[in-house]
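Notes for the one structure printed next.
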Amino acid sequence: MVSVNPFAEFRQECQNILAEALKTALPEAEVETVPMGKPSNPSFGQLASSVSFELAKHLKRKPADLAAQLAKAVDQTRFTLIAKVEAAGGYVNFHVNFDRFSTLTLESIGQLGGEYGFTKTDQPAKVIVEHTSVNPLHPIHIGQARNPMLGDALARILSRRGNQVSRHYYIDDVGRQSSVVAYGYVKLGKPVPDEKADHFVGKIYTITACLVEINRLKRQLEQAKAVQATEDTEKLSRELNEWTTIASELEEKHPQLFKALSEKISQDANPEEEINRLNRAYENGEPQAKQLIREVSDICLEGFRQTQKRVEISYDSWDWESDFVWSSQVSDVLGQLQDSGYVYSEGGVLEFDAKKVVDTQNLRGKLGLRAEQEVPPLTLVRADGTTLYTTRDVAYTLWKFDRAERVVNVIGMEQSLAQLQLKIALYALGYEKQAENFVHFAYNLVTLPGYKMSSRRGHYITFDEVLDEAVKRAFEEVSNRSPQLTEEEKREIADFVGIGAVRYALIDVDTGKPVVFTWDRVLNFETNSAPYVQYTHARACSILRKAARKPQNPAYELLKENLERELVLALASFPDVFVECAEYLKPNMVADYANALADKFNTFYNALPVIKADSTQLADARLALTDAIRVVLSNALNLIGVTAPEKM
RNA sequence: GGGCCCGUCGCCGAGCACGGAUUAAGGCGUCGGCCUCCGGAGCCGAAGACCCUGGGUUCAAAUCCCAGCGGGCCCGCCA
């Protein structure tokens, strides 16, 4: 017999049996669904129901009496996975029949193998997961790296759930900052990168932005002084000071580049003007500007691709924001929004009245907003006629919905308001179904303990650095532990261990909480880390290798130890964990599950011999258990994109 | 000023969406053990938490509601 979800099978049986018992013993009771939960203590069984507490109220009887009556009324002849039903402390406790349950679970895992646990949804959909979408201006830094880790895990999970998933990278090349790099790049005479492309672009961006900012502040300061605006003068001086400090930092770090850029840029009286001109030209789709900015963006993206390849993340589509501007899509959406009646003009600026949409369409309930919560308006178009980021994002979102039924945006929680306004815009345009299938998957930031990360200021640790360091430390670790391996083997292991550790660390924490970056945390190789789970997987593989036989028809009922039964239960509940994490979009659940299973297995491993068990039959049963653990650990790691190695 | 998120042992953190049984999981760190045994990136044990505070709902609250305090983020003709 094979079950895709053994524990659910048991739960269903308990529910049916209890519902029957309710009908026969307490026909006067009205219960819609019978509550069923995991008891705190295994001696109370594997599932327990607290119906009696509910009923006690209505029937005015003691919970303990009701529970006893229900336990008695249970029809034992219909037990298959249940061993016994008992009343205790007012609860009705269900004990699983381990002989049968172990057999069902382990045989199912043996049969389903790499598919075990991945229960398919009955409503498969086309889903677009947009993630990463780092601006092509500088290398991906550790603060941003949480995004692709989560996004990729989500995509893997949703796809395993039976959805048709497409991964999209939104290239945000429209906006002043792209013109800033391009400007610096031209000033330098369009140099060929002499290092990893995105790092190269990042330096040009930071230095150029800094120099331009200083230039701007100086001019503003002079103006302020001229009209004797003391307050402005003070504020501007402070800002100028800050940027001057940054400039000297940059000059020290990259003296040649800094010198070259600073000489070239100082030749322009007003670099800001140049940049704005380029920006407008790009939005208008002028060929020269198009050619230039795409060229710089492509250089940077090439660097991103290298990093992504390294962490085994891929995208099905790279979507250029500029394409939406150049085609009529943005202006079309703008037109539709204006027709909707929720847009007003204020001094030549177009504003979207999100609050009005919420109020007239009665959306507070659907959006989870409080009664009097303010929803600020969104500026759609500047006075000079150019559009803003969120405006363009509306067009992009509709484009996505032409290709999918569901859209998941993996975007930091600092953009919650913009994402909310975007959703409201969908309602305003009459795309109600789309709005409901639009999900902002928000996550909190990764922060550095010392200072604030800022890509504009060049204050960041790059993702590449973190990966390099992780692999380096993993290499030292492997060399210490397994000196007999060849250099080649060590390098390979160091790679998946180091990268796995980083991936796991960025996924493991609840997305609502910020991650404070420390090397110790991200490069953890001990319990509760990818390497720990990987090691456990390799250990299981090693046992199976050593046994060198595939047990035929193992007698699962021989698995009578508590440690073994706990393992069976843990294995049996993997499908539940998977479904839950897919439905509630909680990738960290998978990491936690894998770690907990590894824990249990290691305890078992230390306490009970597998190959050298007392009898061959018992050894066979334990080998089958070990094999099932191998399969499930591998399936779980697969969901979060971590390699499950046979050796390490 | 308004909104969103968060507050659990010295530190980090599960559990909270769906309230349940006087043992609130783990990990790090501290202290003490374990290789005649299948991989010690491991295992076992000890110490450490009135789950931010105060109310409320309930037979039952870490979990739900209200108020407060503390931290992060957002409220731009930036993205």
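We name chains A, B, ... by the order of the sequence lines, and we start the count at 1 in each one.
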Looking at A:Lys366, I'd like to know if its NZ atom is crowded, meaning that more than 12 non-hydrogen atoms belonging to other residues, nucleotides or ligands lie closer than 6.0 Å. yes
Between the side chains of A:Lys356 and A:Asp359, is the shortest nitrogen-to-carboxylate-oxygen separation below 4.0 Å, so that they form an ion pair? no
Give a yes-or-no answer on whether the side chains of A:Asp173 and A:Ser178 include a donor-acceptor pair shorter than 3.5 Å. no
Once hydrogens and angles are ignored, does a donor-acceptor distance under 3.5 Å link the base of B:rA17 to the side chain of A:Glu580? yes
Taking atom types as they are modelled, is there a donor-acceptor pair under 3.5 Å from the base of B:rC37 to the side chain of A:Tyr605? no
Distance-only donor-acceptor test, A:Thr527 side-chain atoms vs B:rG27 base atoms, 3.5 Å: no
Here the distance between atom C1' of B:rG29 and atom CG of A:Asn524, to the nearest Å, is 13 Å
Please determine whether any donor N or O and acceptor N or O are separated by less than 3.5 Å between the side chain of A:Asn595 and the base of B:rA14. no
Do NZ/NE/NH1/NH2 and the carboxylate oxygens of A:Glu476 and A:Arg473 come within less than 4.0 Å? no
Taking 5.5 Å and 30° as the limits, would you call A:Phe44 and the base of B:rA21 a stacked pair? yes
Just name whichever nucleotide pairs with B:rA21, Watson-Crick or G-U, keeping both distances under 3.5 Å, else none. none
Round to a whole Å and report the spacing from CG of A:Asn606 to C1' of B:rC38. 11 Å
Check the distance between B:rC37's P and A:Leu618's CG and give it to me in whole angstrom. 20 Å
Are A:Tyr532 and B:rC43 close enough that a side-chain N or O sits under 4.0 Å from OP1 or OP2? yes
